[in-house]
2 protein chains.
Amino acid sequence: MFEVFQKYLSEKTTLTDTELEMIQSVSFTKKLRKRQYLLQEGDAWKHYCFVAKGCLRIYRVDQKGVEHIMKFCIENWWAGDRESLLTGSPSQCNIDALEDSVLILFKKEDYDELRKKIPAFDDMVNTLIHRSYIASQNRIHSAISYTTEEKYQNFIEKYPDIFSRVPLHMIASYLGVSAETLSRIRTHAARR
Amino acid sequence: MFEVFQKYLSEKTTLTDTELEMIQSVSFTKKLRKRQYLLQEGDAWKHYCFVAKGCLRIYRVDQKGVEHIMKFCIENWWAGDRESLLTGSPSQCNIDALEDSVLILFKKEDYDELRKKIPAFDDMVNTLIHRSYIASQNRIHSAISYTTEEKYQNFIEKYPDIFSRVPLHMIASYLGVSAETLSRIRTHAARR
DNA sequence: AAAAAGCCTTGACAATTGTCAAGGCTTTTT
DNA sequence: AAAAAGCCTTGACAATTGTCAAGGCTTTTT
């Protein structure tokens, strides 16, 4: 499965064979069956994790036991909890697999080492975090500005590939509305 | 006013006098009177901007003409639009001053040059973007998980210094609720 | 193959929120 | 000093949303 990651790298940057070999040598693969956990609340997260196949979901659970989905991660996305990774604190997130999945993992130290040794890799990672930040800002904008219907339409437009493989009640959770409300918005929208 | 930025730098990293001189030599100061604009929708944003004094607000305007506040920036915060900066596209944001303000600015190219030449500065900037991302994630969590009252309490806890100098209707906008609803939540909360 | 679990929709009703309007107080402008 | 603008609150009412419950369909498990 490393070839999926290799393809991803080749689309994002240019590496020599030696550099690619360095990257591969510190990577390791993990397979997750549907419903298995990659991370549970309270544990510290210490890796970088690339999704080569499948679909993960990152969520937090509130005091009432309700799950709130922070992110879906399909092929070519990165999963993990940056807060726990950066601060070393126990994670508030759970990550589990919505489908059987294959992941390419790096220990934080190895990954940081790669960034120091391979400038092109470092640049790529920099761009990545920038883009993640921008995506977050746009999601915040959606959350505070859009009506529920607009949030839903925006999600479909932006993530058609996620929309088609994830249950609707999870999309509702991601958008911050109840499953029933999303259902009603859908029937309402379909009628027009 | 550069000394405010210098103090900020000394708290975040360690630099030699030469490095500090390099940074100062490419920086420039801008003063903004209350209600003046730093950036208007449609213009490209090409700087990094540190707030040495005052208070700015970054907001977007929707189709109905309603403003939605993305961020408040007080002393020691960074203002700007990373999306426009990274992609070169025209900004969807407006930035204006809520108080008379003093800003330390860098052209993007100069800033990037500093990062290349000064590893400690580069590390600092890296940490900064990471923390910004984490803060965004937590705001998303608040937006999709909390009740309006919880969002409000969370804001006061996290940003007491912003809370005390910004009008309530702007905090309402930041939280994604109407000013009237926030007002009612406040009277309700005060009664207990 | 049968049973269980998961997913989505719909109804009923209560709770929350937005909108419009008005009024009082404070701050800014003239 | 007077006028204007900005800010916050409150009422009335409609619109939106959440919660609970039930039912039908599909997928997964036994």
**Message:** Counting only side-chain heavy atoms from C-beta out, which of dC8(C), dT17(C), dG18(D) sits nearest to S178(A)?
**Reply:** dG18(D)
**Request:** Could you state the atom-to-atom distance from CD of E150(B) to P of dT17(C) in whole Å?
**Result:** 11 Å
**Asked** Between dT28(C) atom P and D100(B) atom CG, what is the distance in whole Å?
**Response** 11 Å
**Prompt:** Is the phosphate of dT9(C), meaning OP1 or OP2, less than 4.0 Å from a side-chain N or O of S183(A)?
**Reply:** yes
**Message:** Checking side-chain polar atoms at under 3.5 Å, does S145(B) have a donor or acceptor matched by the opposite partner on D62(A)?
**Reply:** no
**Request:** Could you check how far OH of Y152(A) sits from P of dC8(C), rounded to whole Å?
**Result:** 10 Å
**Request:** May I ask you to decide whether E21(A) forms a salt bridge with K117(A), counting only side-chain N to carboxylate O separations under 4.0 Å?
**Result:** no
**Prompt:** Could you give the CG-to-P distance, from L175(B) to dG18(C), as a whole number of Å?
**Reply:** 11 Å
**Asked** Can the ring centres of F106(B) and F5(B) be said to be less than 6.0 Å apart?
**Response** yes
**Message:** Here's a test of your reading of the structure: between G176(A) and L182(B), which maps to the more 5' nucleotide of DNA chain D?
**Reply:** L182(B)
**Gap between atoms CD1 and C1', on I171(A) and dG6(C) respectively (whole Å)** = 16 Å
**Message:** Once you apply a heavy-atom cut-off of 4.0 Å, does T148(B) come out as touching a base, just sugar-phosphate, or nothing?
**Reply:** sugar-phosphate
**Request:** State whether R35(A) places a side-chain N or O below 4.0 Å from either non-bridging phosphate oxygen (OP1 or OP2) of dA5(C).
**Result:** no
**Prompt:** Has the side chain of E180(B) got a donor or acceptor atom sitting under 3.5 Å from an opposite partner on the base of dC20(C)?
**Reply:** yes
**Request:** Output the single nucleotide from dT28(D), dC8(C), dC8(D) whose closest atom is nearest the side chain of H169(B).
**Result:** dC8(D)
**Request:** Verify the ring-centre separation between F163(A) and Y159(A): is it less than 6.0 angstrom?
**Result:** no
**Heavy atoms from other residues, nucleotides or ligands near CZ of R131(A) exceed 12 (cutoff 6.0 Å)** = no
**Prompt:** Can you find a side chain N or O atom of T181(A) that sits less than 4.0 Å from OP1 or OP2 on dT17(D)?
**Reply:** no
**Request:** Could you tell me whether the phosphate oxygens of dT9(D), OP1 or OP2, come under 4.0 Å of any side-chain nitrogen or oxygen in R186(B)?
**Result:** yes
**Message:** With a 6.0 Å cut-off (strictly less than), is the heavy-atom count around NZ of K53(B), excluding the residue itself, greater than 12?
**Reply:** no
**Message:** With a 4.0 Å limit, can you tell me whether R184(A) has a side-chain N or O closer than that to the phosphate oxygens OP1/OP2 of dT19(D)?
**Reply:** no
**Item:** T187(A) side chain near dT9(C) phosphate (N/O to OP1/OP2, under 4.0 Å)
**Value:** no
**Item:** Given DNA chain C, 5'-ward residue of the pair P167(A) and A179(B), judged by closest heavy atom
**Value:** P167(A)
**Request:** Take the protein atom NZ of K151(A) and the nucleotide atom C1' of dT16(D), then report the distance between them rounded to whole Å.
**Result:** 12 Å
**Asked** Pairs counted as Watson-Crick or G-U wobble with both distances under 3.5 Å: what dot-bracket string results for DNA chain C, using | for bases tied to another strand?
**Response** ||||||||||||||||||||||||||||||
**Prompt:** Tell me: CD of E99(A) to P of dT27(D), nearest whole Å?
**Reply:** 14 Å
**Prompt:** How many Å lie between CD on E149(A) and C1' on dT17(D), as a whole number?
**Reply:** 14 Å
**Item:** side chain to side chain contact (heavy atoms under 4.5 Å, CB included) partner of Y174(A), chosen from M70(A), R139(A), K151(A)
**Value:** R139(A)
**Request:** Answer yes or no: does atom NZ of K158(B) have more than 12 heavy-atom neighbours from other residues, nucleotides or ligands under 6.0 Å?
**Result:** yes
